[in-house]
Amino acid sequence: MVYHSTSEHETVELGRRLGSILRAGAVVALRGGLGAGKTAFSRGIAAALHVRETLTSPTFTIVNEYEGDLPLFHFDMYRVGSDDDLFMLGWDEYLERGGVVVVEWSENIAPALPDTAITVAIERAGENARDITVTGADLWD
């Protein structure tokens, strides 16, 4: 399903809508270029999970952990280049911890994503507008 966002606020709200239907063990694979809105979408997921901390991009730490209704593990795979890197991160352990895993730059680890991952592709459709394609979940159920 393709959703159209005309502002960062709407992108956050779409993330919140998805976050409201996520359950323990969910993996959300985000795709999109620099500045597309992946972190804004992730902030919406965090809000739906009642995370109290401000979610920030984990670019230099690779993963940030947040407490909410469910643990939220927010990954940035921009700098991850190999299966060895994933192993060193404890990727498999994060998938088994019963939280929600949100992965920015998920295309860099596509073979390691579970088949059940929800894919969110964000593309610029103007200065502030975005086309957001969600595969694996319907935000308007």
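Just so you know, these numbers come straight off a predicted model, no measurement behind them. In what follows, every heavy atom counts, from backbone to side chain, and hydrogens, waters and symmetry copies are set aside.
- Proximity of a side-chain donor or acceptor of R31 to a complementary backbone N or O of K38 within less than 3.5 Å is not detected.
- Atom CG of D92 sits about 8.5 Å away from atom CZ of F87, to the nearest 0.5 Å.
- When all heavy atoms are compared, the tightest approach of G136 to I118 is O-CG1, 3.9 Å.
- In summary, the side chains of Y94 and E65 do present a donor paired with an acceptor at a separation below 3.5 Å, with no hydrogens or angles considered.
- N64 is listed as a side-chain neighbour of T56, based on a closest heavy-atom distance under 4.5 Å.
- For H9, the NE2 atom sits in a loose shell: 12 or fewer heavy atoms of surrounding residues, nucleotides or ligands are nearer than 6.0 Å.
- Across A36 and I122, no two heavy atoms sit closer than the pair O-CG2, 3.2 Å.
- Taking OG from S42 and OH from Y66, the interatomic distance works out to 9.0 Å, rounded to the nearest 0.5 Å.
- Distance check, rounded to the nearest 0.5 Å: CD of E123 to OG of S5 gives 13.5 Å.
- In this structure, CG on L18 lies 5.0 Å from CZ on F41, to the nearest 0.5 angstrom.
- Taken together through direct or relayed side-chain contacts under 4.5 Å among Ile, Leu, Val, Met, Phe, Trp and Tyr, L72 and W105 form parts of separate hydrophobic clusters.
- By the criterion of side-chain heavy atoms lying less than 4.5 angstrom apart, applied directly or through intervening Ile, Leu, Val, Met, Phe, Trp or Tyr residues, V80 is not grouped with V102; the two fall into different hydrophobic clusters.
- Among all heavy-atom pairs drawn from G98 and P71, the shortest one is O-CD, 4.2 Å.
- Among E8, R16, H74, the single residue meeting the side-chain contact (heavy atoms from CB on, under 4.5 Å) criterion with R43 is E8.
- In the hydrophobic cluster analysis, where Ile, Leu, Val, Met, Phe, Trp and Tyr join through side-chain heavy atoms closer than 4.5 angstrom, L30 is grouped apart from L113.
- To the nearest 0.5 Å, the span separating CD1 on I132 from OH on Y3 amounts to 10.0 Å.
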Check your understanding: Is there a side-chain contact (heavy atoms from CB on, under 4.5 Å) between V103 and W91 once you walk through the steps?
Key -> CA-CA 11 Å; V103 185; W91 172 250; 3.6 Å; yes
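- When side chains are defined from C-beta on, T39 counts as touching E104, because their heavy atoms get closer than 4.5 Å.
- Judged purely by atom type and a 3.5 angstrom limit, E10 uses its side chain to pair as donor or acceptor with the backbone of T6.
- Summarising the geometry of A48 relative to S20, their closest heavy-atom pair is CB-N, 3.5 Å, with the distance given to 0.1 Å.
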Kindly indicate, with the supporting measurements, whether the criterion side-chain contact (heavy atoms from CB on, under 4.5 Å) is fulfilled by R124 and R130. CA-CA 5 Å; R124 290 179 183 269; R130 303 291 185 266; 3.2 Å; yes
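- A donor-acceptor pair is defined here as one N or O able to donate and one able to accept, closer than 3.5 Å; such a pair exists between the side chain of N108 and the backbone of M77.
- No chain of hydrophobic side-chain contacts below 4.5 Å, direct or via other Ile, Leu, Val, Met, Phe, Trp or Tyr residues, connects L95 to L70.
- A distance of 12.5 Å separates OG1 of T54 from CZ of R52, quoted to the nearest 0.5 Å.
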message: Set out, in order, the CA-CA distance, both residues' side-chain angles and the distance that settles side-chain contact (heavy atoms from CB on, under 4.5 Å) for V28 and I45, then state yes or no.
response: CA-CA 10 Å; V28 179; I45 292 172; 4.2 Å; yes
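- Note on V134 and I21: same hydrophobic cluster, where clusters join Ile, Leu, Val, Met, Phe, Trp and Tyr whose side-chain heavy atoms are under 4.5 Å apart, directly or indirectly.
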